[in-house]
Amino acid sequence: MQLVRRLAVASATALVLYGVGLWLQDGLIEYVQRIVLLAGINVILAVGLNLINGTTGQFSIGHAGFMAVGAYGAAFFGVKLAPLVQRLVGAGSVADAVTFNVALLVGAVLAGLAGLLVGAPSLRLRGDYLAVVTLGFGEIIRISFNNAHFLGAATGYFGDSPAGLPAYTSFFWVYAWAIAIVILIRNLTFSQTGRSLAAIREDEIAAEAMATPTTRLKVLAFSISAATAGIAGGLFAYMQSGIRPEDFRFDKSIDMIVMIIIGGLGSISGAIVGGVFVAVTLELMRDLQQYRLVLYALLLIIIMLVRPEGLLGSRELSEVIRARFRRRKSSPEAAK
Amino acid sequence: VSTLLQQILNGLSLGSIYALIALGYTMVYGILKLINFAHGEVFMIGAYAGYFAALALGVERYGAAGFPLYLAIVVLVIAMAAAALLGVTIELLAYRPVRSAPRLTPLITAIGVSLFLQNAAMLAFTPNPRPYPPILKEVRFELGGVIVTNVKLTIFVVAIALMVGLNWFIQRTWTGKAMRAVSTNMDAARLMGVDTDRIIRATFAVGSALAAAGGILFGLDQITINPLMGMLTGLKAFVAAVLGGIGNIRGAVLGGLLIGLAEQMTAGYLSPDYRDAITFVILIIILMLRPEGLLGVVRPEKV
């Protein structure tokens, strides 16, 4: 019964996504469509980064590097895979969907492996080393792609055809992946493993004393987080005709950190809100490009000084609403 | 052999700049257990302070005759004072309010301050690199097949002089002793009548001043400065501090020199493309094999 119900919910969601996607394609100007897609990608980035920075309390400031690994991995692999799939099932939307999703998964695995490589040595130690190592790693990855000639070096990777990368990324796929990743991260966060991760954040020594395998869990959370950034990178890559190393500068990592800090470190719904917020404000601030990072920096400092837990703290939106509702119900006098 | 000697010379002069910056990281970490991400930006602003001071003192008027030495020292002192002021201000406005907050809060604040200074500098000074004023007229001479410039020698000598001065300050003066006390145990130091706030302020002032000296030397060495130079150089200096054993002053000097040498050797013998990458390779190796650093001591974490 459970399985049937879940399948029903999943297919209903898919149908709704598909319908909304069709409607968006016709009803909205391209500019708005782009923001809607970016918002979905941001949600994936924010929810993934929140797992390590918020829930586990280990600070990564180079996630743009993992996003780049995923983007380049998915783009390169997808371009090479497409002819093979087309020969098997014939060209068409089925072949595109298969190629796209396999490519995204390959990008995610590569990004996850990169996370393992970076996380394993630095996560044995206290969290602040991770910040430095990820910052350095993000830069090195960008420099490497800048010098990788089979990936187009500094001009960027545009696939083998002159038209650039195929535009696989659609509303349907972005939001299907976003929903899947949010559910995955949510289930992980509220599982026993998730509780252990939160224990590491609250007091690593105490967690270790309670026989929590702290290093292994930190590396696990970090790799998952890197892999989700890889998915977001793949979706990002197939949204435009090509990707350049410049797309994954340090600014991108900072955007992600702003997303999760505005909503509240450790809160999944907070990360979703933050991801959408950043996608929209980035567009609104387009004319203020050069002031953007100054404003973001000030925002970070002020939030830390005034309300370090962010808007929601580590609570979820549903908890906040429920608490509000309960308070009003139980004491109508106090509400006045 | 002569190219090897050349690389060693260049590596030591670059490394002594890293060492000067690494000292600031290690001193602040020793006391507050905070990676002061804004330190690289203090270094950058120190370099700009020296730039503007030199222009204000009319470095252009001297031309071929060369800038008088006493004015070069004035430039150095002005830049160091300006950076010290900046460091103390950052501590007061951004770090002090979050000193007792959970560990992540000061870390994010530090990242925020670093970003803010970096981008404010891009707005104020434009992102374009600027040629550094010739505070020191370059004289080249050859020594056994090795090209030595007085600039490289001066960098090395000034850096060593400042480090010897710092060592004296830490070991002999009352404030220096108090710094060591606070770094060993802040609460105990406070109970012994040490004004910890004042000592933390002094630590930021001294560390920032050294970074500014590093900034001027960097400008002389690399000929141009830009608002983004603090990020990568700051990172390398931080790796130097970790390599030597973070919190350990002699370790920072040793680490800085080693990083400078490694970078120069990589650029000379492998490929200049990898000169920035080698630092992080070293960091990863040191974190895997000896996370406490070369001169660090293993201290179990206490509850």
Side-chain angles (χ1 to χ4, degrees), chain A residues 53-54 57-59 61 117-118 120-133 135-141 143-144 146-147 201-206 208-209 250-251 253-254 257-258 260-261 265-266 290-306 308-309, chain B residues 25 29 33-35 37 90 93-98 101-123 127 228 231-232 234-236 238-239 241-242 246 271 273-274 276-281 283-289 291-292 300-303:
Chain A
N53 284 18
Q58 313 294 311
F59 220 70
I61 51 176
L117 208 71
V118 172
S122 39
L123 282 166
R124 292 195 308 150
L125 306 160
R126 290 228 319 250
D128 19 4
Y129 282 97
L130 186 72
V132 175
V133 175
L135 176 55
F137 170 77
E139 283 300 293
I140 284 189
I141 279 290
I143 294 168
S144 311
N146 240 328
N147 289 316
R201 174 189 63 202
E202 295 302 332
D203 192 333
E204 196 167 336
I205 299 168
E208 189 142 7
F250 184 53
D251 312 13
S253 302
I254 295 302
I257 288 175
V258 171
I260 59 173
I261 284 178
L265 274 174
Q290 78 241 54
Y291 299 103
R292 183 186 118 221
L293 280 173
V294 180
L295 291 176
Y296 271 7
L298 273 179
L299 192 66
L300 277 186
I301 301 173
I302 291 170
I303 291 181
M304 282 303 115
L305 294 183
V306 179
E309 68 275 23
Chain B
Y25 277 111
Y29 193 91
K33 300 282 171 283
L34 165 74
I35 298 178
F37 270 93
I90 293 172
L93 293 182
Y95 296 159
R96 183 164 307 178
V98 294
R103 303 185 42 81
L104 219 47
T105 308
L107 187 73
I108 300 171
T109 311
I111 294 169
V113 173
S114 155
L115 264 181
F116 175 73
L117 290 177
Q118 209 177 78
N119 289 285
M122 285 222 264
L123 289 179
L228 291 179
M231 194 168 120
L232 204 56
L235 263 171
K236 287 178 188 169
F238 177 78
V239 175
V242 174
I246 194 140
S271 154
D273 289 344
Y274 297 125
D276 295 335
I278 186 71
T279 312
F280 298 104
V281 175
L283 179 62
I284 299 275
I285 293 174
I286 195 86
L287 289 184
M288 281 196 295
L289 299 183
E292 67 276 14
E301 281 206 60
K302 288 174 294 188
V303 180

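Protein chains get the first letters and strands the later ones, always in sequence-line order, with residue 1 at the start of each. Here the structure is a predicted model, which is why all the values come from computation and not from measurement. Computed from heavy atoms alone, side chains included, the values below leave out hydrogens, waters and symmetry copies.
Looking at A/Phe250, only its side chain comes within 4.5 Å of chain B, counting heavy atoms on both sides. For chain B, no part of A/Asp251 is nearby; none of its heavy atoms comes within less than 4.5 Å. B/Ile285 does not touch chain A: none of its heavy atoms, backbone or side chain, sits under 4.5 Å away. Contact of A/Ile61 with chain B is made through the side chain alone, with heavy-atom distances under 4.5 Å.
Inter-residue side-chain proximity for A/Val133 and B/Ile284 is flagged as met; some heavy-atom pair is nearer than 4.5 Å. Contact check for A/Leu135 versus B/Met231: side-chain heavy atoms found under the 4.5 Å cut-off. For the pair A/Tyr291/B/Asn119, no side-chain contact is recorded, criterion being any heavy-atom separation below 4.5 Å from C-beta on.
Between A/Ala131 and B/Leu107, the closest heavy-atom pair is CB-CD2, 4.3 Å. Across B/Ile108 and A/Leu300, no two heavy atoms sit closer than the pair CG2-CD2, 4.2 Å. In terms of heavy atoms, B/Leu93 sits closest to A/Leu305 at O-CD1, 3.8 Å. The two residues B/Thr109 and A/Met304 have their closest heavy-atom pair at OG1-CB, 3.4 Å. Between A/Ala297 and B/Leu115, the shortest heavy-atom distance links the atoms CB-CB, 3.7 Å.
With respect to chain B, the highest number of heavy-atom pairs below 4.5 Å among A/Ile254, A/Leu299, A/Ile143 belongs to A/Ile254. Of all the listed residues (B/Gly112, B/Ala110, B/Ala101, B/Pro127), the one sharing the greatest number of non-hydrogen pairs under 4.5 Å with chain A is B/Gly112.
A/Phe59 contributes atom CZ, which lies 12.0 Å from atom CD1 of B/Ile35 (distance to the nearest 0.5 angstrom). Taking CG of B/Leu123 as the reference point, atom CG of A/Leu293 lies at 9.5 Å (rounded to 0.5 Å).
Applying the side-chain hydrogen bond (donor to acceptor under 3.5 Å, both in side chains) test to A/Asn147 and every residue at least two apart in sequence or in another chain returns nothing.
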